[in-house]
Amino acid sequence: ERWVSLLVCGFCRAGLVCEAYFLLSLLLDKGFFPNICIYNPILFGLCRSSQSSKLFVVFGSLLKGGLRFNDHTFVSLIYAYCKEGLYKEACLVLYKMQAYGFKPNVFCYTTIIKFLCDARGIEEAMDMLKIMVAEGCDPDLVTYNVILRALCSHNRVYEACKFLGIMSRNGFSPDKFTYSALAGGMLQARQIELANGFLHHILTKGFDVDVPICNICIHMLCQQYNSSVALSLVKALMEKGFIPSNVTYNTILNGFCKEQKLDEALELFNYCDWVGNKPDSLSFNIIMSAACKLRNSTVIHKVLHRMESEGIQLN
RNA sequence: UCGGACGGUGCUCCU
């Protein structure tokens, strides 16, 4: 069972949910009776890869097979319903799980709040927050981070500040997720001045700075048509030990494309040493859509050829 | 009693 668990988790971590499930089904045929801990990573893998319908099927078979769920299992079900936009069903799980002896926890509520923020607006998310507190479940830092990002991205920075106050009164101090949630939200709301000021504060006042926060700075530069500056900044930071991620490269790549600087985009794209990274399907989408917009068939063919040679599928 | 699993949040394209 230990080995199976390790293998299944390994597959899921690598994004190979089908393989994980295949392995498990082989063992089931041999009479292996798995623990729910083996199913949960598969359920979450299906959620993340937007295969909710498969999750519902697996869930049904779990019910039939009489396997005992645990609290993780219910979170995956809620996650799947939310991803499908089925909030009523997601909320129903909050009640149904109690019949199995599980009280909805902060993971359950935060999952719903996150999806409400993204799809239905903040007010409904706030209502859910009230329900959660009324039910005796306290929000944690993740819950607050979700709400902070939503507030900032809807131009409600003032309320976000009030929430920061509530947070600290409840004993939570901001972490690096909080910073990037705030900055990313401001940027999404096109509040460049605010974002700029905030990021400057973060960068200069000795806060914990990580790659996503740097990426937000880079994105901000690119939004202002300063992609060349952004690239120089990355190179300068690399001298100081900064290790860019694929997001870093894709952000700048997209910046160049929006500035219609296809040559510079291609130069970056062809730059062999992405410090351990390689263009991914998103990079190819960016460069391909730019080439198409500019009706540059030479580049289109080159990119297609390179995708073929690197084994990247058209998505 | 203790221990054990990718359970929910931030950055890039398109939606």
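Numbers restart at 1 for each chain; the letters A, B, ... are given by sequence-line order, proteins then strands.
Considering only side-chain atoms of A:K176, the nucleotide from B:G7, B:U9, B:G10 that sits closest is B:G10. Checked against B:A5, B:G8, B:C13, the side chain of A:L282 finds its nearest nucleotide in B:C13. Closest to the A:T110 side chain, of the nucleotides B:G8, B:A5, B:G10, is B:G8. You'll find that the side chain of A:N254 is closest to B:U12, out of B:A5, B:U12, B:G10. Here B:G8 is the nucleotide among B:C13, B:C11, B:G8 with the atom lying nearest to any side-chain atom of A:V142. Closest to the side chain of A:F107, from the set B:G10, B:C6, B:G8, is B:G8. Closest contact between the side chain of A:N215 and the listed nucleotides B:C11, B:U9, B:G8 involves B:C11.
At a cut-off of 3.5 angstrom, counting only N and O atoms as typed in the model, there is no donor on one side facing an acceptor on the other between the side-chain of A:N105 and the base of B:G8. Donor-acceptor pairing under 3.5 Å, judged by distance alone, is present between the side chain of A:D210 and the base of B:G10.
Base engagement by A:N70 is indicated by at least one non-hydrogen atom pair under 4.0 Å involving a base atom. Here A:D71 lies in heavy-atom contact (under 4.0 Å) with a base. Residue A:Y79 is classed as a sugar-phosphate contact, given heavy-atom separations below 4.0 Å to backbone atoms only. Using a 4.0 Å heavy-atom criterion, one finds that A:V106 contacts the bases of the nucleic acid, with or without backbone contacts as well. Residue contacts shown for A:S180 include a base, since a base heavy atom lies under 4.0 Å away. Residue-level contact check: A:T143 touches the bases, meaning some heavy atom is under 4.0 Å from a base atom.
Between A:F11 and A:Y21, every side-chain heavy-atom pair lies at or beyond the 4.5 Å cut-off.
Close to B:G7, at under 4.0 Å from its OP1 or OP2, lies no side-chain N or O of A:R13. Note on A:R48: every side-chain N or O is 4.0 Å or more away from OP1 and OP2 of B:G7. Between A:K114 and the phosphate of B:G10, there is a side-chain N or O to OP1/OP2 separation shorter than 4.0 Å.
A:H301 contributes a side-chain N or O that, together with a main-chain N or O of A:S297, makes up a donor-acceptor pair within less than 3.5 Å.
To the nearest angstrom, P of B:G8 lies 20 Å from OH of A:Y144. Counting to the nearest Å, the P atom of B:G8 and the NE2 atom of A:H72 are 9 Å from each other. Distance, A:K258 NZ to B:U12 P: 10 Å, rounded to whole Å. A straight line from CG of A:N250 to P of B:C13 spans 9 Å, rounded to a whole angstrom. The CZ-C1' distance, from A:F177 to B:C11, rounds to 11 Å in whole Å. Rounded to an integer number of Å, the gap from CZ of A:R2 to C1' of B:G4 is 7 Å. Spacing between atom CD1 of A:I112 and atom P of B:U9 amounts to 13 Å, rounded to whole angstrom units.
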Next item on the list: Please test A:K302 against A:E308 for salt bridge (Lys or Arg N to Asp or Glu O under 4.0 Å), starting from the C-alpha separation and ending with a verdict.
Entry: CA-CA 10 Å; A:K302 270 189 192 163; A:E308 203 179 11; over 6 Å; no

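Every residue two or more places apart in sequence or in another chain that forms a side chain to side chain contact (heavy atoms under 4.5 Å, CB included) with A:P279 is listed here: A:F269, A:W274, A:S283, A:F284, A:R306.
Remark: the A:N40 side chain and the A:N70 side chain contain an N/O donor-acceptor pair separated by less than 3.5 Å.
Between A:Y158 and A:F163, the distance from one ring center to the other does not fall under 6.0 angstrom.
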